[in-house]
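Quantities reported herein were computed from a predicted structural model and do not represent experimental measurements.
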There are 2 protein chains.
Amino acid sequence: MNASRTARERVRAELIKEITDIARRQLATEGAAGLSLRAIAREMGMVSSAIYRYFPSRDDLLTALIIDGYNALGEAVEHADAACARDDFTGRWLAVCRAVRKWALAHPHEYALLYGSPVPGYAAPQDTVAPAVRDTVVYGRIVADAYRAGRLTPPPVSPPPPAVLAEDAEVVRAVIPGVPDDVVTRAIIAWTGLFGMVSFEVFGQFNNTITHRAELFEHNMTCLARLLGLPEGVDPREQNRRA
Amino acid sequence: MNASRTARERVRAELIKEITDIARRQLATEGAAGLSLRAIAREMGMVSSAIYRYFPSRDDLLTALIIDGYNALGEAVEHADAACARDDFTGRWLAVCRAVRKWALAHPHEYALLYGSPVPGYAAPQDTVAPAVRDTVVYGRIVADAYRAGRLTPPPVSPPPPAVLAEDAEVVRAVIPGVPDDVVTRAIIAWTGLFGMVSFEVFGQFNNTITHRAELFEHNMTCLARLLGLPEGVDPREQNRRA
DNA sequence: AGCGATTAGAGAGCACTGCTCTTGACGCGG
DNA sequence: CCGCGTCAAGAGCAGTGCTCTCTAATCGCT
């Protein structure tokens, strides 16, 4: 509760941080499967069993890293969005896209942990759901803002979503409040398209094929913006400013 | 070379098949990280070291599974495409989408192996590239066929791709022959959008959010078809026939 | 200040993994 | 029919996650 707890608790918090830091570094170099509690203990000059005082199991350490990852990505996305003019909705969308891609390329293994194959017997505990949607919340706000401002014009020939999707749309509106069903489905397309693109690049599907990945990404996200119904870049120079 | 090789070679081929079969089953239940050579040997009544006569390392076994996976998915996609009328390009695209989704949901761990996080220290050897693009080849043929038939009408407001992408488009045209650059980029959007959608579903990103996943998928793939420039379903009953 | 309770680390140990090496047996082709 | 090559077996190495017990340090409280 109060600011400076007992000395034990402070050193404990510090050790937890040191463990996760080393773990994150191991993750970056070896990948999730190479994460070894014993190696962490070795690097800290501890004995392996001592780690279990701080993380009851390897999966718990992994969960901590996942939560940290979601928060790091969410924070990057929040910052990217915050740096844009509030009414430049296309710019905000593109900024979010670039932030996701940049973070994913900088932390491929962490990205894999969040958006790649779920780890073996591991089921994400409930604590992860809140951080997991930080980026999505930002995205939802952009879409909702654009819609409220009347700047979300549906593309000419967009088929109406089937009626059954109405209930799902109701749930999705928790992050994209106040938009009709067809905007919800188009928003999902753009969002999954973003992560499909990033995953292809990070996971190596573009190897030996696509070389100008940044340009392709930029162009495709612009196309997805158009599909979403976002207006053409109000001021192209505005977009190039943060490249 | 000739049909019935020596008895030794035949039993060897059979053992290799048995190993991969058990491995595939292990993969399905435990995931890639739970794949254990010793467990396979145990199940076969062998001693663990004997496995190494057939697969020099765990990664080699994994590679075999990956190649098999790509081939299985590619085959499913090929069959789905082959079952469609050749000039029903939208139907062929949707059939491919459904085939990918169906296979991925039926074999989530194998799908994760192919399109999820790359495994730890493992680098895909050259033997995987040919099977890896079987599905993409089918997709490319559909796009190329549709374009050649003049049934690929670009959506009204699609921005032209930047000039630098021309060289990449040249490479991509190996699987989508004879189409202009803007078709190439739109094809990539649709393709990554498909896998983004499937990955979100298979990897659990839709948990607690989307319940009518088949309907959402169907609708979104239709939207992507429209973005690609494919015509509206020539005959809706034709599409419903294979659900 | 000191005492009892709590917590941290050390170490041994279990069951498991991938992988290597040697040994002995078996089958196939010259 | 005999020797070469292949094969299973077993022991063993280094590593893993995790549990248990034991000791020592620290904390809260009287």
With a non-hydrogen cut-off below 4.0 angstrom, is [X] in contact with a base, only sugar-phosphate, or nothing?
{"X": "I40(A)", "result": "nothing"}
{"X": "L15(B)", "result": "sugar-phosphate"}
{"X": "S48(B)", "result": "base"}
{"X": "L35(A)", "result": "sugar-phosphate"}

Please determine whether a side-chain nitrogen or oxygen atom of [X] lies at a distance below 4.0 Å from atom OP1 or OP2 of [N].
{"X": "S49(B)", "N": "dG10(D)", "value": "no"}
{"X": "R12(A)", "N": "dA8(C)", "value": "yes"}
{"X": "S36(B)", "N": "dG18(C)", "value": "yes"}
{"X": "R53(A)", "N": "dT19(D)", "value": "no"}
{"X": "Y54(B)", "N": "dA8(D)", "value": "yes"}

Rounded to the nearest Å, what distance is computed from the [atom1] atom of residue [X] to the [atom2] atom of nucleotide [N]?
{"X": "Y52(B)", "N": "dC13(D)", "atom1": "OH", "atom2": "P", "answer": "17 Å"}
{"X": "L62(A)", "N": "dT16(D)", "atom1": "CG", "atom2": "C1'", "answer": "15 Å"}
{"X": "F55(B)", "N": "dG18(C)", "atom1": "CZ", "atom2": "P", "answer": "14 Å"}
{"X": "R38(B)", "N": "dA11(D)", "atom1": "CZ", "atom2": "C1'", "answer": "11 Å"}
{"X": "R58(A)", "N": "dC16(C)", "atom1": "CZ", "atom2": "P", "answer": "18 Å"}
{"X": "D60(B)", "N": "dG18(C)", "atom1": "CG", "atom2": "P", "answer": "13 Å"}
{"X": "M46(B)", "N": "dC7(D)", "atom1": "CE", "atom2": "C1'", "answer": "8 Å"}
{"X": "E43(B)", "N": "dT17(C)", "atom1": "CD", "atom2": "C1'", "answer": "17 Å"}

Report task. Please confirm whether the backbone N or O of M221(A) pairs with a side-chain atom of W93(A), one donor and one acceptor, at under 3.5 Å? Result ->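 Yes, because the side chain of W93(A) sits within donor-acceptor range (under 3.5 Å) of the backbone of M221(A).
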Query raised in the report: Does a donor on one side chain and an acceptor on the other come within less than 3.5 Å for S57(B) and D60(B)?
Result: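 Yes.
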Query raised in the report: Can a donor-acceptor pair be found between the side chains of S117(A) and Y115(B) at a distance below 3.5 Å?
Result: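 No donor-acceptor contact under 3.5 Å links the two side chains.
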Report task. Mind listing the closest non-hydrogen atom pair of L114(A) and Y70(A) along with its distance? Result ->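 Smallest heavy-atom distance, with atoms named: O-OH, 3.4 Å.
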Query raised in the report: For P56(A) and R42(A), take the nucleotide of DNA chain D holding the closest heavy atom to each; which residue's nucleotide lies nearer the 5' end?
Result: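 Checking each residue's closest nucleotide, the 5'-ward one belongs to R42(A).
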Query raised in the report: Do the two ring centres, one from W191(B) and one from Y139(B), sit under 6.0 Å apart?
Result: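 Yes, the ring centres sit under 6.0 Å apart.
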